[in-house]
J.: 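My questions will all concern the structure given below.
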Amino acid sequence: MKKTIITTCLILLGSMAFAQNTLEVKDISQPNDVYSSTNDEAAVMIRCHESIPLKFESSMDKSAEPFRTELQGSDSVYYIAFPTGKRYRGRELTVSSRGYYSAVIALELEPKQLLSFQITDPDALVDAGCYREHRNKGINEIKNSNYTEARNQFILARDCSDCDKEENENNVALTDSLILFRQKGDEAFELLDYVSAGQYYSKILSLNAYDTYASNRNTLCVQNYTEECATLFSKAEFYYSDKEYDKAKELYEKVVDKNCRNMTLAIERLNTIRSNQRARTDHARVFTYEYRKDVPLGFSYGKYNMHKVGGFFQMDFNTRVFDALRKDCKYGDEKFPELNMSFGWTVKIANPVWIHFGPGFTGKMYYGEYKDKKYPKKGYGKEEWGLLDSEKMGDEAILSTATNATEAPDKYESGWTHANLAAAISPVIGITAKYSYFALRLTYQYRWAIEKDLKDFIGVSRLSVGIGVAF
């Protein structure tokens, strides 16, 4: 009886040993793979068919549990993190699964390193049964990117008596998706639609990371897309700088539609172009000739928008300004160099009337000294001017013939030719009416003299009238 029992146990042990399958390990690491970690850790990625669940043990770590497990197509992917350093030299990772001999992987890890391994059953097609044989052949064809042949294997598996119908139909649906995505990706690639093509190839890679065709095509899509975006934006900038806004607008819109890197700047350019086009349609730009007392030479330019605040600039002066620039100053002038500048904002009240307002500056030059600290002195008469203009007359002769010599400055030459500036802060407010290509402006200017004694010399206020074009 004992002999029979021992014989039976030996037979069972022999049959169990015979049932064990082998796990084959393949290093599929890429040179540039990096594991992002705040510490000096490394990681190992293990990929295996989902029908072979895996467990892990480390020779130097208390635990080798994956920190993340995900399903990619028909493969289970395990991610395991490990500390690194000299104390972990010689680490071995044991991979085991029920019904298989354990496989041992030697690990020499550096900080931030990512190593990848593929675990397979080399004897998967040996005595596998009808369904498993066709299923495994189909999975291998998927890994080889032969999706039509893979689908044929799954179709044949439907007729197997041991068919796992749910799993098999999922595999059929997987190959259908892969075939469709490749077809759509190739069609988009031929049409130079690299964005759509890249999206389809990325979908293929998410289902089958072994598809080198999809990977290469996806890389080409990225390269071509980047070059196309750069070319479109460069051409658009060229037309924009040449003010060919219609051509530039078409190209900027393509940059936005393709979601290029320069999309934000392209949108800004489009907004500027549309604003300019709207301004032309509304004749928002206004240029007018301005007339103001004592300063008949003037102009203004501004934007009078229909839907938002605009701005303007105004300047007027007289010809005496040019005399001052040439230092052709004469004591006793009754007309003085004057310059006015103002700028500000324009706001529509009700079409066709706008209001404009803003700060300004007035500068008025005079020669000589003050009279009672209020006005510049005037001259000494025609006779005295004649003497001053005579190059042959000396200082004593001029002073002796001047009727008002006692009022002459100590250094009359510098006094009669030295220029002084009276300045004022001059805010303005006015209205502008424009219709079609014509515009009319009326502006009130208030003058606040910086030096109080000169307020009468500068004046308290002025009105200016402008007429011009709207375009």
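Heavy-atom basis, side chains included; hydrogens, waters and symmetry copies ignored.
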J.: Would you say the side chains of Asp61 and Tyr88 form a donor-acceptor pair under 3.5 Å?
T.: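 There is no such pair between these side chains.
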J.: Cut-off 3.5 Å, side chains only: do Glu290 and Ser300 have a donor facing an acceptor?
T.: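 Glu290 vs Ser300: donor-acceptor pair found between side chains.
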J.: Would a line drawn from the ring center of Tyr245 to the ring center of Tyr240 be shorter than 6.0 Å?
T.: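 They qualify: ring centres under 6.0 Å apart.
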J.: With respect to Arg151, which candidate in Asn171, Asp176, Thr175, Asn146 satisfies the side chain to side chain donor-acceptor pair (under 3.5 Å) definition?
T.: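 Considering Asn171, Asp176, Thr175, Asn146, a side chain to side chain donor-acceptor pair (under 3.5 Å) with Arg151 is found only for Asp176.
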J.: Which heavy-atom pair separates Ala470 from Ser436 by the least distance, and what is that distance?
T.: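 Shortest heavy-atom contact: CB-O, 3.5 Å.
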J.: Kindly write out the residues that satisfy side chain to side chain contact (heavy atoms under 4.5 Å, CB included) with Cys260, not counting sequence neighbours, or none if the list is empty.
T.: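 Once residues adjacent in sequence are excluded, the partners of Cys260 under the side chain to side chain contact (heavy atoms under 4.5 Å, CB included) criterion are Tyr225, Cys229, Val255, Lys258.
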J.: For Tyr200 and Asp186, which I'm curious about, is there any donor-acceptor pair between the side chains at under 3.5 Å?
T.: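 Absent: no donor and acceptor within the cut-off.
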J.: Please report the shortest heavy-atom distance between Thr84 and Ala42, naming the atom on each side.
T.: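 Minimum heavy-atom separation between Thr84 and Ala42: CG2-CB, 3.7 Å.
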J.: For Leu463, I'd like to know if atom CG has over 12 heavy atoms of other residues, nucleotides or ligands within 6.0 Å.
T.: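 Enclosed: over 12 neighbouring heavy atoms sit under 6.0 Å from CG of Leu463.
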J.: Name the residue from Phe82, Tyr78, Phe67 that meets the ring-ring contact (aromatic ring centres under 6.0 Å, His included) definition with Phe56.
T.: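 Output: one option passes, namely Tyr78.
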J.: Counting only heavy atoms not in Phe438, do more than 12 fall under 6.0 Å of its CZ?
T.: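 No.
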J.: Quick one: sort the Phe287 and Tyr301 rings into parallel, tilted or perpendicular, breaks at 30° and 60°.
T.: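 Rings of Phe287 and Tyr301: tilted, as their planes differ by 30° to 60°.
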J.: Taking NZ in Lys235 as the centre, count heavy atoms belonging to other residues, nucleotides or ligands within less than 6.0 Å. Is the count above 12?
T.: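 Atom NZ in Lys235 is not crowded, with 12 or fewer foreign heavy atoms closer than 6.0 Å.
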J.: Could you please spell out the steps behind the salt bridge (charged side-chain N to carboxylate O under 4.0 Å, His left out) verdict for Arg274 and Glu253?
T.: CA-CA 12 Å; Arg274 289 166 183 152; Glu253 287 174 345; 3.7 Å; yes
J.: Counting only heavy atoms from other residues, nucleotides and ligands, does the tally under 6.0 Å from OH of Tyr210 exceed 12?
T.: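 Atom OH in Tyr210 is crowded, with more than 12 foreign heavy atoms closer than 6.0 Å.
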J.: Is there a donor-acceptor pair under 3.5 Å between the side chain of Ser29 and the backbone N or O of Ser116?
T.: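 Present.
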J.: To the nearest 0.5 Å, tell me how far Cys48 SG sits from Asp75 CG.
T.: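 With rounding to 0.5 Å, SG (Cys48) is 7.5 Å from CG (Asp75).
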J.: For Tyr435, look at atom OH and say whether over 12 heavy atoms of other residues, nucleotides or ligands are found less than 6.0 Å away.
T.: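 Counting other residues, nucleotides and ligands, OH of Tyr435 stays at 12 neighbours or fewer.
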J.: Could you list the residues that satisfy side chain to side chain contact (heavy atoms under 4.5 Å, CB included) with Glu244, not counting sequence neighbours?
T.: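 For Glu244 the side chain to side chain contact (heavy atoms under 4.5 Å, CB included) partners, ignoring immediate neighbours, are Tyr239, Asp242, Lys247.
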J.: Rounded to the nearest 0.5 Å, how far apart are OG of Ser275 and CG of Asn305?
T.: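 Reported to 0.5 Å precision, the distance equals 6.5 Å.
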J.: Under 4.0 Å between a side-chain nitrogen and a carboxylate oxygen: does that hold for Arg320 and Glu338?
T.: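 Here Arg320 does not pair with Glu338 in a salt bridge, since their nearest N and O are not under 4.0 Å apart.
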J.: I'd like to know whether NZ of Lys254 has more than 12 heavy-atom contacts from other residues, nucleotides or ligands below 6.0 angstrom.
T.: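 Atom NZ in Lys254 is not crowded, with 12 or fewer foreign heavy atoms closer than 6.0 Å.
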J.: How far apart are the C-alpha atoms of Phe312 and His356, what are their side-chain angles, what is the distance that settles it, and do they pass the ring pair (Phe, Tyr, Trp, His ring centres under 6.0 Å) test?
T.: CA-CA 8 Å; Phe312 78 93; His356 59 271; 5.3 Å; yes
J.: Does Arg285 make a cation-pi contact with Tyr304, if we ask for NZ or CZ under 6.0 Å from the ring centre and within 45° of the axis?
T.: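 Geometry flag: not set, cation outside 6.0 Å or 45°.
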